[in-house]
Protein chains: 2
Amino acid sequence: MSTEPVRRGTGRARIIEAATELFLSQGYAGTTTRDIAARAGIRQPSLYAHFKVKADILLEVLAQPIRASVETSAALIEDAGLSAVERLGRLVEFDVKLLCDGPNLAHLGYLPDVRAEQIDAELDAQHRDLRRAYEVLVEGALKEAGRPVEDARGISDVVLTLVEGVILRRIVDPGVTGEQLAPLLRDAVLTLVR
Amino acid sequence: MSTEPVRRGTGRARIIEAATELFLSQGYAGTTTRDIAARAGIRQPSLYAHFKVKADILLEVLAQPIRASVETSAALIEDAGLSAVERLGRLVEFDVKLLCDGPNLAHLGYLPDVRAEQIDAELDAQHRDLRRAYEVLVEGALKEAGRPVEDARGISDVVLTLVEGVILRRIVDPGVTGEQLAPLLRDAVLTLVR
DNA sequence: GTCTATATAATGATAGAC
DNA sequence: GTCTATCATTATATAGAC
């Protein structure tokens with residue numbers, strides 16, 4: 001493990017940044033408060049001036065990625081100027097790029113030791129929203145293609161599984177980029193609703 | 001966490017079974033040797049009559065799922081009596097069912113605290129084999145469809161991402177079954193190579 | 001808000017009897 | 001192979017000075 005202090009940010013933000021990197025590389029239970037403090041450039045007890053317990057750091061780390069995704073996907077879904085097919089394609093591209101670029105934050109929500117902290121209520125709610133978004137767009141795309149909407153549920157399942165797969169993809173293939181993967185998955189999804 | 005001892009198996013096998021369940025529900029670092037022993041129905045020091053260190057238990061747990069997958073996929077690929085399309089469809093179905101049924105062992109190989117143990121060489125080799133298998137079959141299927149084989153790499157990427165997605169799918173949707181998901185993903189994949 | 005010092009508990013692992 | 005007893009280390013968290 002690197003013990004080099006992170007350079008940017010101050011105080012609380014620096015702790016969050018350090019904890020994020022460490023949770024992703026070592027897991028939650030596998031990361032000690034000393035690890036976090038060392039990387040944030042402070043002593044271990046100083047963490048407790050910002051957080052009451054270790055789990056509170058995890059809460060804040062998990063709270064980071066929520067907003068951007070939900071808001072943008074909501075905006076995409078309701079853009080009446082575009083066809084459902086176009087909106088579906090853009091949502092896939094957006095999500096894949098979000099999952100590929102930056103730290104693999106989405107992966108944290110799937111870790112056993114994170115789920116064992118029983119803070120998954122909000123994460124699961126997010127997941128339901130995303131699932132619903134894909135269902136709506138797939139249904140719209142199928143209508144545009146003159147296909148029966150009964151297929152929407154199954155195809156949404158496939159699309160969701162595909163997008164989710166990106167999270168694990170990055171772990172084995174760290175070189176993967178949203179730039180290359182996003183158009184690939186978008187085209188694949190559009191083939192399914194054509 | 002349930003501390004109820006597992007009932008089946010004896011000695012070493014019972015320990016592996018207990019450790020598997022616990023690693024999946026709490027992660028590796030989040031599971032103590034006392035947890036494992038309690039679930040196996042023995043005392044903590046008794047573990048060390050079977051394993052030298054904790055990481056050796058993890059090694060054995062990870063060694064479990066390797067064989068069946070690799071052997072069956074190899075047999076599927078080389079079955080000359082079937083078309084490439086049929087073989088591709090069967091491989092997808094086989095892998096999805098394998099990933100859906102039984103404990104989610106594949107997920108363990110993606111956990112940060114497991115990868116931090118630096119035992120991923122064999123796991124990554126497996127992954128490369130699977131990737132290669134899909135490339136070969138996708139290429140064959142594209143030939144049969146009269147499409148350019150240059151598309152094979154990209155489509156294999158999509159297929160692999162889709163199959164891998166099943167691993168995370170189970171975590172948020174514990175009710176998902178291979179029976180329902182396998183045909184869905186198979187049909188989706190076959191649509192992509194048609 | 002950060003520090004040093006420390007309390008308290010849990011951890012992986014060993015020794016040696018049976 | 002399992003047990004009891006225990007060690008050495010490391011963990012989270014607190015107390016109190018600056």
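Here is the naming used below: chain letters follow the sequence lines, and residue numbers restart at 1 for every chain.
Taking atom CD1 on A:Ile36 and atom P on D:dA11, their separation rounds to 11 Å, with Å as the unit. Going from atom CZ of B:Arg34 over to atom P of D:dA11 covers 16 Å, rounded to whole Å.
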Note to self: Apply side-chain contact (heavy atoms from CB on, under 4.5 Å) to residues B:Ser156 and B:Arg131 and explain how you reach the verdict.
What the structure shows: CA-CA 7 Å; B:Ser156 307; B:Arg131 185 197 188 89; 5.9 Å; no
Discussion item. Working note: B:Asp95 + B:Tyr134, criterion side-chain hydrogen bond (donor to acceptor under 3.5 Å, both in side chains); need CA distance, chi angles, decisive distance, verdict.
Written reply: CA-CA 11 Å; B:Asp95 281 334; B:Tyr134 276 118; 2.7 Å; yes
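If you check residues 42-54 of chain B against DNA chain C, the residues with a heavy atom closer than 4.0 Å are B:Gln44, B:Pro45, B:Tyr48, B:Val53, B:Lys54, listed by number.
Salt-bridge annotation for B:Asp56 and B:Lys52: absent, with no side-chain N of the basic residue lying under 4.0 Å from a carboxylate O of the acidic one. A salt bridge is defined here as a Lys NZ or Arg NE, NH1 or NH2 lying under 4.0 Å from an Asp or Glu carboxylate O, and B:Arg147 with B:Asp151 meets this definition. Note on A:Glu93 versus A:Arg90: no salt bridge recorded, every NZ/NE/NH1/NH2 to OD/OE distance being 4.0 Å or above.
For B:Arg115 (side chain) and B:Gly109 (main-chain N/O), a donor-acceptor pair under 3.5 Å exists by modelled atom type. Remark: side-chain polar atoms of B:Arg170 are paired, donor with acceptor, to backbone N or O of B:Cys100 under 3.5 angstrom.
Stretches of at least 3 consecutive Watson-Crick or G-U wobble pairs, with each checked distance under 3.5 Å, appear in DNA chain D as C:1-7 with D:12-18, C:9-18 with D:1-10.
Taking 4.5 Å as the limit, every side-chain heavy atom of B:Glu164 sits out of range of all side-chain heavy atoms of B:Leu99.
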